[in-house]
Amino acid sequence: MPCLHIITNLNLDGVDTNPVFSQLTTAVSTIIGKPEKFVMVILKSSVPILFEGNKEAAAYAEIVSMGGIDSEVKRKLIATIGTILQSKLSIPRTRFFLKVFDTTAVSTKSKM
């Protein structure tokens with residue numbers, strides 16, 4: 001199950017975030033190749049973020065998935081999520097950072 005967790009310094013009180021959730025869910029599902037019903041999106045707003053020495057609109061995101069993430073998928077996720085945040089929430093792509101983590105890439109070798 002892919003989980004996308006986005007934190008932003010924007011105050012989203014009163015903002016219709018349904019289109020944001022919908023587009024992000026569809027994008028993650030399509031790019032990673034998992035059904036939409038297994039994609040979780042968390043959007044946390046009004047978090048103090050200082051980036052490039054100022055507090056202008058910015059976002060930090062993490063995506064965790066069990067498989068389906070390679071370097072091409074990472075590039076697509078960064079570009080697509082950045083574009084959605086820019087078009088829906090006016091967060092410039094240059095003020096967006098995405099950390100990608102594939103749980104299947106973790107070594108579980110036993111020393112026994």
In one Ile/Leu/Val/Met/Phe/Trp/Tyr side-chain cluster, 4.5 Å: [X], [Y]:
{"X": "Leu12", "Y": "Leu85", "answer": "yes"}
{"X": "Ile49", "Y": "Ile6", "answer": "no"}
{"X": "Phe21", "Y": "Ile84", "answer": "yes"}

Show me the donor-acceptor pairs, under 3.5 Å and distance only, between side chains in residues 36-47 and residues at least two apart or in other chains.
{"unit_1": "Glu36", "atom_1": "OE2", "unit_2": "Thr26", "atom_2": "OG1", "d": "3.1"}

Can you tell me how far the [atom1] atom of [X] sits from the [atom2] atom of [Y], to the nearest 0.5 Å?
{"X": "Lys74", "Y": "Ile63", "atom1": "NZ", "atom2": "CD1", "answer": "11.5 Å"}
{"X": "Thr94", "Y": "Phe51", "atom1": "OG1", "atom2": "CZ", "answer": "7.0 Å"}
{"X": "Phe101", "Y": "Met66", "atom1": "CZ", "atom2": "CE", "answer": "11.5 Å"}
{"X": "Leu89", "Y": "Thr8", "atom1": "CG", "atom2": "OG1", "answer": "7.0 Å"}
{"X": "Phe96", "Y": "Ile78", "atom1": "CZ", "atom2": "CD1", "answer": "7.0 Å"}
{"X": "Ile31", "Y": "Ile81", "atom1": "CD1", "atom2": "CD1", "answer": "6.5 Å"}

Item to check | Set of side chain to side chain donor-acceptor pair (under 3.5 Å) partners for Thr83, sequence neighbours left out | outcome: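 Residues passing side chain to side chain donor-acceptor pair (under 3.5 Å) with Thr83: Arg93.
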
Checklist entry - Any sub-3.5 Å donor-acceptor pair from Asp102's side-chain atoms to Gly67's backbone N or O? => result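 Between the backbone of Gly67 and the side chain of Asp102 there is a qualifying donor-acceptor contact (under 3.5 Å).
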
Checklist entry - Within the distance-only criterion (no hydrogens, no angle test), does the side chain of Thr80 pair as donor or acceptor with the backbone N or O of Lys76 below 3.5 angstrom? => result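 Such a contact is found between Thr80 side chain and Lys76 backbone.
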
Checklist entry - Among Gln86, Glu52, Glu56, whose side-chain hydrogen bond (donor to acceptor under 3.5 Å, both in side chains) with Arg95 holds? => result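 For Arg95, the side-chain hydrogen bond (donor to acceptor under 3.5 Å, both in side chains) test succeeds with only one of Gln86, Glu52, Glu56, which is Glu52.
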
Next on the checklist: Let's go through Val73 and Val100 carefully: what are the C-alpha distance in whole Å and the side-chain angles of both, what is the deciding distance for side-chain contact (heavy atoms from CB on, under 4.5 Å) to 0.1 Å, and is it a yes or a no?
Outcome noted: CA-CA 10 Å; Val73 168; Val100 180; over 6 Å; no

Checklist entry - At their closest point, which heavy atom of Ser90 faces which heavy atom of Ala57, and how far apart are they? => result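 Nearest pair, atom of Ser90 first, then Ala57: O-CB, 4.1 Å.
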
Checklist entry - Which atom pair, heavy atoms only, marks the closest approach of Pro35 to Ser29? => result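 The answer is C-OG, 3.6 Å.
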
Checklist entry - Under the side-chain contact (heavy atoms from CB on, under 4.5 Å) criterion, do Leu77 and Leu4 qualify, and how do the steps go? => result CA-CA 10 Å; Leu77 287 168; Leu4 174 63; over 6 Å; no

